[in-house]
Every structure is written in structure tokens, then in C-alpha cells.
Amino acid sequence: MANELHADAAQARQSEIPFAVVRGQPFYELPKDLYIPPDALEVILDAFEGPLDLLLYLIRRQNLDILDIPIAAITRQYIGYIELMQTLKLELAAEYLVMAAILAEIKSRLLLPRPPEATDEEADPRAELIRRLQEYERFKKAAEDIDALPRIERDTSVAGAYVPERKTTLVPPAVDLRELLLAFRDVLNRADLFTTHQVRREVLSVRQKMTELLAMLPAGEFREFTSLIATGEGRLGVVVSFLAILELGKAGMIEIVQERPLAPVYVRSRVAMEEADDLGPIETDS
Amino acid sequence: MTLDRLKPILEAALLASQQPLSLAQLEQLFLDHERPSHTDLAQALEALAADCAGRGVELVEVASGFRYQVRTEVHVYVTRLWAERSQKYSRALLETLALIAYRQPITRGEIEAVRGVVVSTQIIKTLEEREWVRVVGHRDVPGRPALYGTTRTFLDYFGLKNLDSLPTLAEIRDLESLMPELQFPREAPIPAQLSDDSTLAPSTETRQ
Amino acid sequence: MTLDRLKPILEAALLASQQPLSLAQLEQLFLDHERPSHTDLAQALEALAADCAGRGVELVEVASGFRYQVRTEVHVYVTRLWAERSQKYSRALLETLALIAYRQPITRGEIEAVRGVVVSTQIIKTLEEREWVRVVGHRDVPGRPALYGTTRTFLDYFGLKNLDSLPTLAEIRDLESLMPELQFPREAPIPAQLSDDSTLAPSTETRQ
């Protein structure tokens with residue numbers, strides 16, 4: 001068996017690339033008796049990803065019948081392995097050991113006569129090994145496929161162009177129309193509250209305007225109504241002036257005269273200047 | 001090496017390199033026997049530069065060599081890659097904008113009168129920078145305050161045809177029923193099936 | 001925005017970015033009123049990809065978006081820009097990566113069960129440092145072992161759009177082609193889990 005293996009390996013050498021390189025030396029063939037031979041340990045460790053990988057290699061390339069492994073040889077190598085484990089990576093060697101044990105177990109169980117009844121429940125010891133080999137082979141292939149994918153650094157590089165004046169800009173936030181409308185609703189609601197405020201502010205300005213009006217009206221002198229209305233302050237100014245005139249009239253401080261319908265309206269003060277300073281008692285409806 | 005073979009190599013190298021590449025460096029891309037002449041190299045670079053017409057990048061020569069760079073015309077778009085998103089607009093800004101939209105033309109004083117608080121200069125500036133509002137005139141009163149109005153950009157942004165398509169005041173009072181399709185992003189509860197769904201993509205393998 | 005205006009912007013942005021850009025990121029290049037539709041965007045990208053014909057770079061879509069990359073055909077020249085850059089990965093690492101990619105989420109123990117060897121901590125560390133794999137959870141069994149999955153970076157690096165674009169995982173080879181020598185003696189019981197496998201031809205060999 002061992003010689004056959006050697007012959008096969010030698011034959012395969014011609015067409016193969018070295019399956020392992022140990023300390024710079026290419027290995028074209030597996031060492032003799034390669035299941036777990038001590039001599040080949042470095043080769044195994046370098047070239048194979050574990051006992052499954054090794055087994056696959058043996059099966060596919062060497063046409064090895066794993067069911068015909070000589071148990072005596074395995075046992076010898078097994079002991080030699082244990083000796084080497086002292087100097088080499090224990091955990092890695094252990095896996096090969098386990099495999100050797102599995103192979104030995106398979107062989108021994110096959111040699112044993114089988115009880116006719118128990119066979120169904122007891123799975124064929126080889127089946128599990130085959131299943132594992134198949135499963136491993138799929139992912140061995142998958143790893144090769146992934147390795148073959150064009151990848152950055154090895155097969156391609158990301159293309160980039162220079163960006164002059166690379167500066168960060170500020171992107172304005174997004175606004176939803178609904179958000180805007182909600183804001184407007186709020187401001188309207190608040191404006192409702194402010195309305196009462198504004199009435200009071202107008203009362204004050206009416207009082208102030210009343211003072212100003214009286215100052216504009218020398219005692220006893222008629223002035224045209226429209227000349228008393230402040231136009232420089234917009235609509236509000238007009239309203240305030242008008243209110244102030246009405247208030248003054250109501251308080252009897254001025255006299256409002258119109259000779260006939262649609263004729264100009266005239267206003268005359270009925271108070272002396274010193275009285276006009278004291279507008280305290282005047283109250284507007286609040 | 002023909003120009004057709006030379007160009008892709010130079011283009012790839014220039015785009016892959018983080019730095020400008022000098023003629024000497026470009027020569028180093030080739031093994032001795034395939035190394036192009038200076039004339040060929042220059043010709044290929046010229047052709048590559050010409051190929052950039054109408055594109056987003058251009059091939060330029062700077063002190064240390066040649067490089068592809070983003071064209072000025074599209075630069076403004078590209079810089080948005082590194083844009084910082086500003087914080088959300090303040091309530092004050094939105095209220096100001098709303099008042100301008102509905103009450104235009106309106107002065108700052110009038111906005112303040114309705115809102116009851118002073119409108120900061122920053123808010124008006126932000127709205128003007130965003131090109132949503134602009135000064136449309138001045139009120140003919142002492143101080144001649146600026147009158148603000150909204151712009152076409154404002155209408156475009158909010159998907160409005162014209163100012164008349166702004167919802168009426170009555171509709172605003174009843175905002176809940178308004179524009180259901182314009183759902184304001186509230187803190188929506190995450191659907192149950194999303195929260196425990198891991199981001200893991202399923203394995204592509206078909207198990208047997 | 002017309003295709004002629006859109007294309008240079010997208011090209012410049014993709015070349016300016018160090019990372020692939022997603023459609024959403026590309027949309028962010030445009031202000032609201034000028035933002036192109038999805039159709040326009042897709043059309044422009046397609047046109048840009050077509051423009052790469054015969055050039056040194058190509059526009060590809062990977063997991064996190066679109067990117068320009070050097071064509072494999074000319075990359076050998078480009079690599080001469082850098083003395084030592086391309087990295088080789090050990091079979092142990094690639095097998096571990098393959099198991100995580102195809103079988104995610106997967107524990108280290110499960111990887112070891114398939115590979116028949118211990119997975120070194122260094123390999124997992126390397127994969128995590130490269131950001132190709134990450135812990136995506138823990139299996140609810142004693143010891144709560146970490147479950148590993150691949151990342152977007154992994155897909156980007158290998159030029160994949162998603163996990164579905166991984167090479168198809170090989171079918172389980174039938175027994176005869178895998179091991180012509182491993183034949184079952186006629187009298188041997190066919191294991192339960194293999195009994196319905198029609199390819200399992202009974203051996204004619206008689207063993208002594």
C-alpha cells in the first residue's frame with residue numbers, strides 16, 4: 001500500500017505544481033506512509049488546513065481507499081505523533097490524532113462481525129466521515145471562490161479625483177409646510193391674546209393724543225376737524241386722533257361744530273391751557 | 001504600446017493615486033520592454049485631457065505632476081458630500097416666515113407686533129439667505145421700514161403654485177384634518193416586526 | 001435637471017468620495033428644487049457606466065453604493081505605484097470567512113466543526129480588524145458563544161452588491177464522484193441519512 005502511494009505520487013509529480021514548500025524546498029510528493037507520518041508533519045502543517053483537508057487530498061489525488069488503512073501502521077504513527085507533539089503545536093496535531101483515531105475506529109468496526117439486528121440503529125461509521133468530508137469540501141471550494149473574486153488592493157483600486165478647496169458647507173434644514181402652518185396657527189392663537197394688550201396701549205395713546213390736541217387748540221379758536229387728524233402715523237394714527245377728539249368732546253373740553261350737512265367740521269377748545277394739563281378725571285371705557 | 005492600450009492604464013493610475021503623478025512616475029508603471037516613449041505618453045495624456053470635455057472631472061497638470069480633479073462647475077454639488085446638516089429651524093423663524101407668507105408685505109415691526117416679541121436680525125438674514133423672503137419695498141412712514149414678501153423659491157420649496165394655494169386661516173385652525181398626506185414626522189412607534197428583525201441578510205445558501 | 005447636467009455632477013461626486021455613494025447620498029447633492037427623480041438618477045448612472053467602456057475605470061454597484069474602480073485588466077500596472085500592497089490571505093482565513101459568509105450567523109464552534117480544526121483567535125481578530133466580520137449576537141446555549149456575520153465592508157471589498165451575489169455554494173458532491181474508492185460493501189447497511197440518496201450505487205466489490 002505504501003509503495004503504491006509513493007508510486008502514485010511520483011507519477012503525479014510531472015503534471016503538478018508542488019503541493020507544499022517547506023523551508024524553501026518544494027515537495028512534489030507526499031512522504032511515504034503518509035497518514036500521519038512524523039517526517040511529514042511539517043509538510044502536513046504547511047500544506048493542509050487540517051485532517052479533513054489532508055484526507056480529501058489523499059482520496060482525490062492518491063486514490064487512497066480510506067477503508068483499507070493498515071491499522072498497524074496507523075498505530076505506529078500515532079505513537080510517533082505523540083512524541084512529536086511535545087515540540088509542535090499541540091492543538092493542531094491533536095486534530096490529526098483524532099482523525100487517525102477515527103480512521104482506526106472505522107476500520108476496526110468494519111472488521112467486527114455485525115449483529116444482524118442492531119445494524120439499523122447503529123449508523124455506518126463511515127457515513128459521518130463522508131458527510132464531514134463533503135461539507136468541508138463545499139466550503140473549501142467556497143473559500144477558493146471568494147479568493148477568486150476581484151477585490152480591492154489585489155485586483156482593483158478605488159478611483160478618486162482631487163477636490164480643490166474641499167470645505168464643508170452648511171446644508172439648511174428641511175422644513176415641512178405643515179410645520180410652517182402649525183407655527184402660524186400658534187402665532188395666531190397668541191396674537192388673539194395680544195389683542196387685549198393692544199386696546200390698553202391705544203387707551204394710553206388716545207390720552208396722549210388728547211393732550212396734544214388740546215395743545216394745538218388755542219382757547220376759543222376754531223380749527224378744521226381734518227387738520228387735527230394726524231396723517232403721518234398711518235391708519236392707527238388717524239384712528240387714535242379721531243378717538244381723542246371724540247373723548248375730548250365727550251368730556252366737554254372741546255366743542256364740535258358743523259354748520260350744515262357735508263360742510264367742514266370745526267373744533268374749538270373750551271378749556272384754558274392750565275386746565276388741559278390735568279386730564280386725570282377723564283376715563284375711557286375699558 | 002498603442003494609444004488605445006496606453007490611455008486606460010494612465011487613466012486608471014491617475015485615478016487610483018492619491019497624489020499627482022509625474023511623467024517619471026507614469027513611466028514606472030511599465031516594464032522596460034513595454035515602456036512608452038515620452039511622445040506617446042504626452043500624446044496619451046493629451047487625449048485623456050480631451051476626453052474630459054463635458055465631464056465632471058478634468059485632467060490638469062500641477063507642479064508635481066498630473067491629476068484628475070473635480071471641475072469648478074460642479075464643485076458646489078460635490079462639497080455637499082461633506083455638508084453639515086444644520087439644526088432644525090427655530091419656532092421663531094417659522095413663525096416669522098409664516099407671518100411674512102400670510103401677511104405680506106409686512107414690516108419687521110408689524111411681525112413683532114403680532115408675535116409680541118422682537119424679531120432677531122439673524123432670523124431675517126437666514127430667511128433671506130435661504131431665498132425664501134426678500135425686501136419688496138418700504139412702507140411710507142417715518143424710518144421707511146422694509147416690507148418683506150416671499151419669493152418664488154419659497155413657493156417651489158413648499159410645492160405651492162402661488163400664494164393663493166396656501167391654506168386659509170380657517171383650514172389652519174383645523175390643521176389635524178389638513179393635508180393628511182403631509183404627515184409631519186412625529187415620533188412614530190417602530191413596528192414590532194422591525195424592532196426585532198436583525199439586520200442580518202439571510203444566507204444565500206439553499207440548505208438541503 | 002437634464003441628463004447632460006446630471007452626469008458630470010454624479011461623476012465628480014463619485015470620484016471625489018472615498019466611499020461608495022448610495023442613491024440616497026447622491027440625492028443629497030441636490031437642493032430640494034433641483035433634486036432629480038429616481039429614474040433620472042438611475043438613468044444617469046447607467047449612462048456613466050456605459051461611458052466607461054474602453055476606459056481604465058468602471059462604475060460598479062457594491063453593497064454600500066456606487067463607486068468608480070480600476071478595471072482588473074489594467075490593475076497590474078496600477079499596483080506598480082505601490083511597492084507592496086496586495087495582500088494574500090491564508091486558506092485558513094478564507095475558509096473561515098467563507099463559512100461566516102455562507103452560514104451566518106455562525107459560532108466559532110460551528111466553523112470548527114466543519115473545518116475539522118480549531119479556528120485561531122488571530123484569524124477571527126484579523127477578520128474583525130478588517131471589518132469583514134462582526135459579532136451579530138450570541139447563541140442562546142450554555143456559554144452564549146458569539147455569532148459571527150459579515151459586514152457591508154466585506155461586500156464592498158469583494159465588489160459584491162449583497163450576499164446573494166456571492167458565488168453559489170457548491171452542491172454536495174455525490175459520493176461516487178467524490179470518492180470512487182469509498183464503496184459500500186453490498187452487505188453493509190445504508191445509513192439512514194443517506195438512504196434516500198439515489199446516487200449511492202451499491203458496490204460490486206467483495207471484501208475479503
Side-chain angles (χ1 to χ4, degrees), chain B residues 4-19 21 25-26 28-31 34 48 51-58 68-83 85 130-131 152-153 155-159 198-208, chain C residues 4-5 7-19 21 25-26 28-34 48 51-52 54-57 63 68-71 73-82 101-106 136-137 147 149-150 152 155 162-169 171-172:
Chain B
D4 282 349
R5 279 206 63 207
L6 199 50
K7 276 171 59 185
I9 296 171
L10 297 179
E11 183 193 26
L14 288 165
L15 285 171
S17 168
Q18 306 286 322
Q19 308 293 331
L21 294 177
Q25 283 170 310
L26 288 172
Q28 292 309 309
L29 299 174
F30 304 91
L31 300 179
E34 54 183 14
L48 284 173
D51 288 347
C52 289
R55 282 173 48 201
V57 292
E58 57 191 337
Y68 279 97
Q69 68 179 34
V70 169
R71 276 185 193 279
T72 325
E73 300 92 288
V74 296
H75 188 254
V76 59
Y77 294 93
V78 172
T79 52
R80 296 198 186 118
L81 281 175
W82 307 285
R85 311 243 139 229
R130 187 99 196 230
E131 291 180 35
R152 177 155 290 283
T153 312
L155 293 174
D156 287 345
Y157 183 89
F158 290 100
S198 81
T199 55
L200 261 178
S203 166
T204 55
E205 189 198 357
T206 48
R207 269 159 229 273
Q208 40 270 101
Chain C
D4 282 349
R5 277 205 65 207
K7 277 171 60 186
I9 295 170
L10 297 179
E11 184 192 27
L14 288 166
L15 285 172
S17 166
Q18 305 290 317
Q19 304 294 329
L21 294 177
Q25 285 171 308
L26 288 172
Q28 292 307 310
L29 300 175
F30 303 91
L31 295 182
D32 309 292
H33 64 278
E34 55 181 15
L48 284 172
D51 288 347
C52 289
R55 283 175 48 202
V57 293
Y68 278 99
Q69 65 180 36
V70 170
R71 279 187 191 279
E73 302 93 278
V74 297
H75 193 255
V76 59
Y77 294 94
V78 174
T79 52
R80 295 187 188 132
L81 286 172
W82 308 287
Y102 285 93
R103 281 284 162 84
Q104 58 190 300
I106 188 172
V136 294
L147 286 165
T150 53
R152 203 171 270 273
L155 293 173
N162 47 43
L163 283 175
D164 287 341
S165 27
L166 275 171
T168 318
L169 188 57
E171 293 290 308
I172 284 196

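In this text, all values refer to a predicted model and were calculated from it rather than measured experimentally. Letters A, B, ... are given to chains in the order of the sequence lines, protein chains preceding strands, and every chain is numbered from 1.
- For C:Leu48, no part lies near chain B; criterion is any non-hydrogen pair under 4.5 Å.
- With a 4.5 Å cut-off on non-hydrogen atoms, C:Leu15 touches chain B through its side chain but not through its backbone.
- Heavy atoms only, all atoms of each residue included: B:Gly56 and C:Ala12 are closest at O-CB, 3.5 Å.
- Between B:Glu11 and C:Val74, every side-chain heavy-atom pair lies at or beyond the 4.5 Å cut-off.
- Surrounding CD of B:Glu73 are more than 12 heavy atoms belonging to other residues, nucleotides or ligands, all under 6.0 Å away.
- C:Glu34 touches chain B through its side chain: at least one heavy atom from C-beta onward sits under 4.5 Å away, while N, CA, C and O do not.
- Proximity to chain B (any heavy atom under 4.5 Å) is shown, for C:Arg71, by neither the backbone nor the side chain.
- For the residue pair B:Pro8 and C:Gly54, the shortest heavy atom distance occurs at CG-O, 3.5 Å.
- Nearest heavy-atom pair across C:Phe30 and B:Arg80 is CA-NH1, 3.9 Å.
- Contacts between B:Tyr68 and chain C at a heavy-atom distance below 4.5 Å are absent for every atom of the residue.
- Proximity to chain C (any heavy atom under 4.5 Å) is shown, for B:Glu58, by neither the backbone nor the side chain.
- With respect to chain C, the highest number of heavy-atom pairs below 4.5 Å among B:Asp51, B:Leu31, B:Leu21 belongs to B:Leu31.
- Note on B:Asp156, B:Thr153, B:Asp4, B:Val78: by heavy-atom pairs under 4.5 Å with chain C, the leading option is B:Val78.
- Heavy-atom distances place both the backbone and the side chain of B:Tyr77 under 4.5 Å from chain C.
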